[in-house]
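Below is one structure, written out as structure tokens; the observations come after it.
A note on names: the letters A, B, ... follow the listed sequences, proteins ahead of strands, and every chain is numbered from 1. No experiment lies behind these values; they were computed from the predicted model shown.
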Amino acid sequence: MSPPDLTTLRAGGPDCPSDLALDRLHLGELDAAQRAPLELHLKDCALCAPRMQERVQGFQALPQVDERALLASLRTRLAAQAQARPAWWRFLVPVAAATAAALLAVVLVPRTDDLDTAALREKGALALHVFRLRGEKAEEAVSGERFGPGDRLRFVVDLPSDGYAAVLGVEQSGALYTAWPTEGVAQTFRAAGRHIELPGAVALDGSRGVEQLHLVHCAKPADPPACVSQGTGQKPRCPAGCILTSFELDKRP
Amino acid sequence: MAGDDSVKEVADLFRQHGPRVYRRALKLLGHPADAEEATQDIFLKAMKGLARFQGKSQLTTWLYEITTHHCLNHLRDLRRRGELHEAHLSPPAEDAAPRAFDLALLRRLLARADEREAQAAIYVFVDGMSHDEAAALLQVSRRTVGNLVERFAAAARAAASESEGGRR
Ligand SMILES: [Zn+2]
């Protein structure tokens, strides 16, 4: 067998525009200078004509997808999410000042959010959602986003089964630290479900570089989790029966 | 989130971007049901973060990033749980362009690759981006993109010769 030719994976030929370029062209996201060379290429490229056609047709080009059902399901989930997420960020107290030496400063948040959300919970894959607190608001962050010293984070998790949760961080140096449970949190057992808030918030310290947060979920108590750093960029090694999912913080200056 | 405006906003956004998000998720995950689930998850995330976007000129780029991250995490979770089975390895029926072997191998490699290498490989090999385009998304230099995809390609060559020897 010949070695895999990775260049055959893409749509179009090696000199054709990327999918992203065609998507942005189709959606009118490009300025005139960006559009011109693409339009020139499209004029007489037989490979790209069907690629653009596909974009124009949208869901019509995907007969196997039930667009209406998918949209309806999305709306249901959005509505459930809006009800399930209590406005805990309104009750935040300011981050304590004297935390310079600490890796992470712990902000204790009053537990005003013990709403009964169990009915809205459903099982799903292990997931770690990171929220960045800005003033009175919380915005969900995307892994790989830029973060700065003093950014305050809260965690919301989806757990596929009952078990013990922890959020561990691996610094650029490879050092492992516990981001959650924060100080004062005694109970790390959580029943399976979606959108489970982990109480407390953490403030990022001034260390720079790319850090990973790992949600560690174990069937047995691993408290503090018996996980070992495997170095920067690597998932820590945890006891058998633990599952992990990761989130990247870009703290480069 | 409950008003008529937001209902319309979700529908418009979904009609415009849903097909491309689904297509990419299908190519990366290989399983229509997984791709549909991923499309919903990605939109849920997008709707939450939408307030951050002043103009929408970068929206497509941002959805690419969310989709890449989401699908990579999914492949890794499957691999960790030992569930990266043939269902995820076989190519989607309607996706005739790439050879079956390549997509199957790609998913295995993506599931175990370093995160940055995997992201760069998706942008360059799957989405057909130039190194400049990928560099802009990854916020690294063009040269770094070159290094990342070269490392990924080397791992692909090694994995291919391994499976040639051992025929899994
Ligand atoms: Zn072309």
Side-chain angles (χ1 to χ4, degrees), chain A residues 1-12 14 16-21 23-24 27 29-30 54-55 57-67 70-71 73-75 77-79 81-82 125-127 129 137 139-144 146 210 212 233-234 243-246 248 250 252, chain B residues 1-2 7 10-11 14-16 18-20 22-24 32 36 39-40 43-45 47-49 51-52 56-62 64-66 69 73-74 76-77 80-81 94 97-99 101-103 105-106 114-115 119 121 125-130 133 139 153 156-157 160-161 164:
Chain A
M1 197 190 295
S2 59
D5 185 1
L6 288 162
T7 63
T8 61
L9 288 168
R10 62 159 300 178
C16 291
S18 67
D19 283 332
L20 176 64
D23 280 335
R24 298 193 70 202
L27 290 166
E29 292 184 357
L30 302 177
E54 192 173 79
R55 284 164 170 79
Q57 288 182 331
F59 275 115
Q60 278 177 15
L62 294 165
Q64 74 275 28
V65 179
D66 185 343
E67 176 196 345
L70 206 54
L71 180 58
S73 167
L74 176 64
R75 281 190 179 136
R77 287 178 63 186
L78 276 167
Q81 203 171 54
L126 184 72
H129 305 281
K137 281 188 159 176
E139 291 170 347
E140 182 161 7
V142 179
S143 179
R146 297 255 173 182
V210 176
Q212 281 85 31
Q234 302 296 319
I243 53 173
L244 290 85
T245 188
S246 308
E248 190 167 281
D250 186 347
R252 287 173 299 184
Chain B
M1 196 43 77
V7 169
V10 173
F14 189 71
R15 256 172 224 124
Q16 268 197 330
R20 42 197 118 232
Y22 173 84
R23 232 180 257 286
R24 260 185 108 233
E36 287 196 9
T39 302
Q40 288 186 37
F43 271 88
L44 284 177
K45 221 166 217 186
M47 293 312 297
K48 282 187 270 181
R52 264 181 291 173
K56 293 198 176 163
S57 68
Q58 293 294 323
L59 185 58
T60 304
T61 310
W62 186 54
Y64 264 67
E65 290 175 304
I66 301 177
H69 181 254
N73 269 353
H74 189 80
R76 279 162 196 217
D77 286 346
R80 202 175 300 127
R81 300 202 301 259
E94 72 282 2
R99 285 186 298 140
F101 173 69
D102 288 345
L103 273 175
L105 177 64
L106 180 81
D114 163 85
E115 175 128 14
Q119 288 170 344
F125 297 128
V126 178
D127 299 318
M129 288 185 204
S130 66
E133 280 179 292
Q139 297 189 321
R157 284 191 293 273
S161 61
E164 206 174 350

#### Entry: For the student: nearest non-hydrogen atoms of A/L244 and B/D77, plus distance
O-OD1, 3.8 Å

### Query
Among A/S143, A/S18, A/S73, which residue forms the greatest number of heavy-atom pairs with chain B at distances under 4.5 Å?
A/S18

#### Entry: Engaged part of B/E65 at the chain A interface, taking heavy atoms whose separation is under 4.5 Å
neither

### Task
Name the member of A/T245, A/I243, A/L70 that forms the most heavy-atom pairs with chain B at distances under 4.5 Å.
A/L70

#### Entry: Reference residue A/D23; test side chain to side chain donor-acceptor pair (under 3.5 Å); the match among B/R20, B/R24, B/R23
B/R20

### Message
Let me confirm one number: the CG-CZ distance from A/L78 to B/F43, rounded to the nearest 0.5 Å.
### Response
10.5 Å

### Query
Given that the side chain runs from C-beta out, which part of B/Y64 has a heavy atom under 4.5 Å from chain A: side chain, backbone, both or neither?
side chain

#### Entry: Spatial distance of atom CZ (A/R24) from atom OG1 (B/T61) [nearest 0.5 Å]
4.0 Å

### Query
Side chains of A/Q64 and B/Y22: does their closest heavy-atom pair fall under 4.5 Å?
yes

### Message
Rounded to the nearest 0.5 Å, what separates atom CE in B/M129 from atom CG in A/L20?
### Response
4.5 Å

### Task
Could you grab the distance from atom CG of B/N73 to atom CG of A/L126, nearest 0.5 Å is fine?
9.5 Å

### Toward chain B, the part of A/A21 with a non-hydrogen atom under 4.5 Å
both

#### Entry: Closest non-hydrogen atom pair between A/L6 and B/A156, with its separation
CD1-CB, 4.0 Å

### Task
Pick one of side chain, backbone, both or neither for A/E54, based on which atoms fall under 4.5 Å of a heavy atom in chain B.
both

### Query
Is chain A contacted by the side chain of B/Q40, its backbone, both, or neither, given a heavy-atom distance below 4.5 Å?
both

### Message
Could you walk me through whether B/Q139 and A/R146 satisfy the side chain to side chain donor-acceptor pair (under 3.5 Å) test, starting with their C-alpha distance in whole Å, then the side-chain angles of each, then the deciding distance to 0.1 Å, before giving a yes or no?
### Response
CA-CA 10 Å; B/Q139 297 189 321; A/R146 297 255 173 182; 3.2 Å; yes

### Message
Please classify the contact of B/E36 with chain A as side chain, backbone, both or neither, using a heavy-atom distance under 4.5 Å.
### Response
both

### Query
In Å and rounded to the nearest 0.5 Å, what is the OG1 to CG distance from B/T39 to A/L71?
12.0 Å

### Message
Could you measure the distance from the CD atom of B/Q119 to the CD atom of A/E248? Nearest 0.5 Å is fine.
### Response
6.5 Å

